[in-house]
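Okay, so here's the structure we're looking at.
Remember, predicted model here, so these are calculated numbers, not experimental data. Protein chains get the first letters and strands the later ones, always in sequence-line order, with residue 1 at the start of each. Hydrogens, waters and symmetry mates are skipped; everything else that's a heavy atom, side chains included, is used.
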Amino acid sequence: DQQVKQNSPSLSVQEGRISILNCDYTNSMFDYFLWYKKYPAEGPTFLISISSIKDKNEDGRFTVFLNKSAKHLSLHIVPSQPGDSAVYFCAARMNSGGYQKVTFGTGTKLQVIP
Amino acid sequence: SQTIHQWPATLVQPVGSPLSLECTVEGTSNPNLYWYRQAAGRGLQLLFYSVGIGQISSEVPQNLSASRPQDRQFILSSKKLLLSDSGFYLCAWGGQHNSPLHFGNGTRLTVT
């Protein structure tokens, strides 16, 4: 049962344009959402997060939007740069038996073309 | 500042051999610790988590086990590896309150 879904396995964007990565979830118990960036042969690094009580969080070129009614979140990168090329994982967190359980999506590989 | 170390970075093991992957965290005390696996073409699957010394919870039944002998040490083991154990294993700490998980650089395990 895939509770966090990233339906686009890959995305190509021209440098300078906007990259939009999408994520859907099914469990309404998730209360915190995160995006991670991963380069090959490295662990994921935390990028940006949003609480379920908000609908937008911005950090420099990165903005995460949350639509709770649609159970959908998206990551916007503006402007996209070649160094943004990586795999992006969406993650969702909820309390589970006294600890924070984090569930990841399958990832979207972003390629920013110079 | 907090750092997390995983080793080895790559490992090739024959089917039926034992496994021991180690993870240590520095700069924090009593962290929540996690083992994740990324299989080819798949997302990050939670294998084990620990909220304290000797406390291990398993998320999925499998051929692997985990132990936490010290506060900042987390070990992933297997007595006999299967081909299906191949993957990218990641240790992480954090997840308390509103802190995100922080990952190590992972171990690429290939079972032949």
Taking [Y] as the starting point, is it possible to reach [X] by hopping between hydrophobic residues whose side chains are less than 4.5 Å apart?
{"X": "A:Ile53", "Y": "A:Ile48", "value": "no"}
{"X": "A:Phe62", "Y": "A:Ile50", "value": "yes"}
{"X": "B:Val25", "Y": "B:Ile75", "value": "no"}
{"X": "A:Phe33", "Y": "A:Met94", "value": "yes"}
{"X": "A:Val87", "Y": "B:Leu46", "value": "yes"}

For this output row, return yes or no: ring centroids of A:Phe104 and B:Tyr36 closer than 6.0 angstrom. yes
A:Arg61 atom CZ: more than 12 heavy-atom contacts under 6.0 Å: yes
Part of A:Tyr39 lying under 4.5 Å from any heavy atom of chain B: neither
Side chain, backbone, both or neither: which part of A:Ala91 has a non-hydrogen atom closer than 4.5 Å to chain B? neither
Taking all atoms of both residues into account, what is the closest heavy-atom pair of B:Leu101 and A:Phe46, and its distance? O-CB, 4.5 Å
Gap separating the CZ atom of B:Phe88 from the NZ atom of A:Lys38, nearest 0.5 angstrom: 4.5 Å
Value for CD (B:Glu59) from OG1 (A:Thr103), rounded to nearest 0.5 Å, stands at 8.0 Å
Is it the side chain or the backbone of B:Leu90 that comes within 4.5 Å of chain A heavy atoms, both, or neither? side chain
Distance-only, no hydrogens or angles: does the A:Tyr36 side chain make a donor-acceptor pair with backbone N or O of B:His102 under 3.5 Å? no
